[in-house]
Each structure stands twice: as structure tokens, then as C-alpha cells.
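Owing to the predicted nature of the structure, the values given are computational and were not obtained by experimental measurement. We count ligands from 1, going down the list as the structure has it; atoms in each ligand are counted the same way.
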Amino acid sequence: MALKKKPAPKKTEVYFSEKKSVEVVQKRSGPKANKRVKFLVDSLVKHMHAFIKETEPTLDEWMAGIQFLTKTGHLSNDWRQEFILLSDTLGISMLVETINNRKTTGETESTVLGPFHVSNAPRYPNGANICLDGKGEPLLVSGTVHNVKAKPIAGATLDVWQTNEDGFYDVQQKGIQPDNNLRGVFTADEKGRFNFKSAYPRFYPIPYDGTVGDMLKALDRNPNRPAHIHFIVSAPGYKPVTTHLFTPDCPWLKEDAVFGVKESLIADFKNKGDHWEVEWDFVLSKA
Ligand code: BEZ
Ligand code: FE
């Protein structure tokens with residue numbers, strides 16, 4: 001009787017090959033791996049290996065990429081975050097932000113926070129002027145904070161910041177602009193209403209003297225953000241919204257370097273001759 005041939009043991013892939021690269025790396029994690037970290041890293045490996053297989057970089061190109069990221073890290077410190085800028089200019093910040101703030105009930109849409117928000121900006125009463133350097137065309141901003149059923153939210157907080165006429169935030173020009181120029185925190189009154197004076201915003205370039213600037217130049221992309229005013233609007237029991245108001249006439253509206261423009265955030269700034277006015281309602285949903 002012929003001896004039955006033993007089936008060959010199933011080959012497990014432990015050695016690296018181009019074909020099985022993803023599987024080999026993913027299988028390396030052990031039984032105690034953190035599930036969420038493993039999910040994230042496995043997905044990153046899958047997509048990064050696909051990127052390498054599609055683009056087939058030379059060794060020099062790969063090293064240039066490593067050097068780009070190294071320099072990006074070296075440029076980052078307490079007041080400059082080149083990695084966030086990289087994420088912003090690749091549209092990744094907006095994607096993460098949009099996925100985490102899917103709107104369903106008519107609340108105000110959100111957009112990027114950006115690197116120039118300052119916690120503990122001065123608190124002002126309604127009607128105050130946040131333009132401390134007197135530059136730019138005067139602007140009156142007013143409106144209401146209400147819930148998705150149009151009920152005013154008394155006591156809502158509005159944290160506001162913007163650049164000056166020269167296109168810089170106060171924190172970018174310490175000693176040149178007054179501290180806290182064009183930023184402040186306001187409280188909506190018992191009818192949810194707020195108002196303050198400021199200056200008509202203008203477009204400005206994101207910092208482009210670093211690796212992100214090099215990338216934008218190589219891609220023939222502009223570094224400009226269309227004119228906007230930043231807001232974080234919050235109230236107890238409601239989901240805070242980080243958002244902007246964009247002017248409708250800015251030439252860079254359709255080419256925002258960080259993809260932050262959403263159509264619903266383009267406001268009607270009215271020219272009143274010696275000043276501008278914009279009226280805007282912020283809508284918050286329950287937390
Ligand atoms: C800003 O609007 O302040 C901003 C957002 C992203 C990158 C740089 C600046
Ligand atoms: Fe900004």
C-alpha cells in the first residue's frame with residue numbers, strides 16, 4: 001500500500017518580499033497589541049506600502065523625503081508648528097475636522113482652528129473695539145447665537161481673532177502690534193445677541209519660509225488664506241464650534257492654501273461708506 005504523502009506545512013510568511021510586504025509587517029505585532037493602535041498602524045502600513053509601490057521612489061528621493069520631514073520637525077517649536085501646517089496644506093486637517101463635525105441639524109459649519117488662537121484673550125463687553133492699532137477699514141460685527149430651533153442662547157461665549165491690515169496676527173508681530181490686537185472674548189446678552197468693532201479682514205499668506213513653503217513652491221501653489229475672522233463659539237450644554245466668517249469678495253476664496261472655505265461660511269459684508277458691517281447668526285447643537 002502506497003504511503004499517504006504528508007501535506008506540506010502551510011508556509012507562513014515571515015520573510016520580507018515585495019509581494020507580501022504589508023502582511024509581513026502587520027503580522028509582526030503581538031497578542032498584547034493595543035487594538036486601536038494596531039488598527040491605525042496596520043492601515044498606515046497598507047497605504048504607505050501602496051504609495052511606495054505606486055511611486056517607486058529612488059533611494060535619493062526617499063532620503064529627500066526623510067530630510068524634508070526631519071527639517072519639518074526641527075522647525076516646530078512652542079510658537080511654530082510646521083507639521084500642523086503640513087497637515088493643513090495637504091487637506092488632512094480639514095478632512096479630520098470635517099469627519100469629526102458632520103453637521104446634520106443646521107448648526108454652523110466648522111473649519112480649521114489654525115495656529116494663531118490664544119487662550120485667555122481679553123474679555124470685552126459688547127460694543128468694544130478689538131482693533132488696537134487703528135489700522136484698516138472699520139468693521140462692525142453683530143449677530144445672534146441660537147440653537148437649531150432658533151432659541152437664543154443667552155451667555156454664549158464668542159472667542160474672536162483675526163489679522164491686521166498688514167496680514168499678520170499680533171502673535172506674529174510681538175513688539176510691532178499691540179498685544180492682543182484684533183482678538184477678544186465676548187458674551188452674548190440675554191437675547192443671544194453680540195456685537196463688536198474690528199477692522200475689515202484681508203487675505204494673508206500662511207508662513208511659507210519653511211519646508212511647507214518649499215513644498216508649495218515646488219507644486220506651484222499659492223500660500224494665501226482668503227480674508228476671514230476666526231470664531232470659537234461655545235455655551236454650556238452645547239457643542240462648541242470652531243469656525244470662520246469669510247468675506248465674499250476675496251480673490252483667494254476658491255484657492256485657500258489650507259482648504260478651509262465652506263460655502264455656508266461666506267458672509268455678506270456690507271460697505272456702508274465709511275465703515276463695513278456684517279451680521280451673522282451662529283447656530284449650536286446640543287452637546
Ligand atoms: C489661520 O487661519 O490662522 C491658519 C490656518 C491654517 C494654517 C495657517 C493659518
Ligand atoms: Fe486665520
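Listed by chain and number, Y169 OH, Y204 OH, H228 NE2, H230 NE2 are the protein N/O/S atoms closer than 2.8 Å to the Fe ion (ligand 2), with waters left out.
Side-chain contact check for Q173 versus N181: every heavy-atom pair is 4.5 Å or farther apart. Contact check for F231 versus V141: side-chain heavy atoms found under the 4.5 Å cut-off. Side-chain contact check for E137 versus N271: every heavy-atom pair is 4.5 Å or farther apart.
The line from CG of D133 to CD1 of I130 is 10.5 Å long, rounded to the nearest 0.5 Å.
Residues forming a ring-ring contact (aromatic ring centres under 6.0 Å, His included) with Y200 (at least two apart in sequence, or on another chain): F269, W276.
Classified by interplanar angle (parallel below 30°, tilted 30° to 60°, perpendicular above 60°), the ring pair F282/W280 is perpendicular.
Between S21 and H49, the side chains place a donor N or O and an acceptor N or O closer than 3.5 Å (distance only, hydrogens not considered). Residues T247 and D249 bring a donor and an acceptor atom of their side chains to less than 3.5 Å of each other.
Near ligand 1, L85, D88, G114, P115, F116, Y169, Y204, I206, R225, H228, H230, V258 each place a heavy atom less than 4.0 angstrom from the ligand.
The other residues sharing a hydrophobic cluster with Y169 are L113, F116, V118, W161, V171, Y204, I232, where clustering joins ILVMFWY side chains under 4.5 Å apart.
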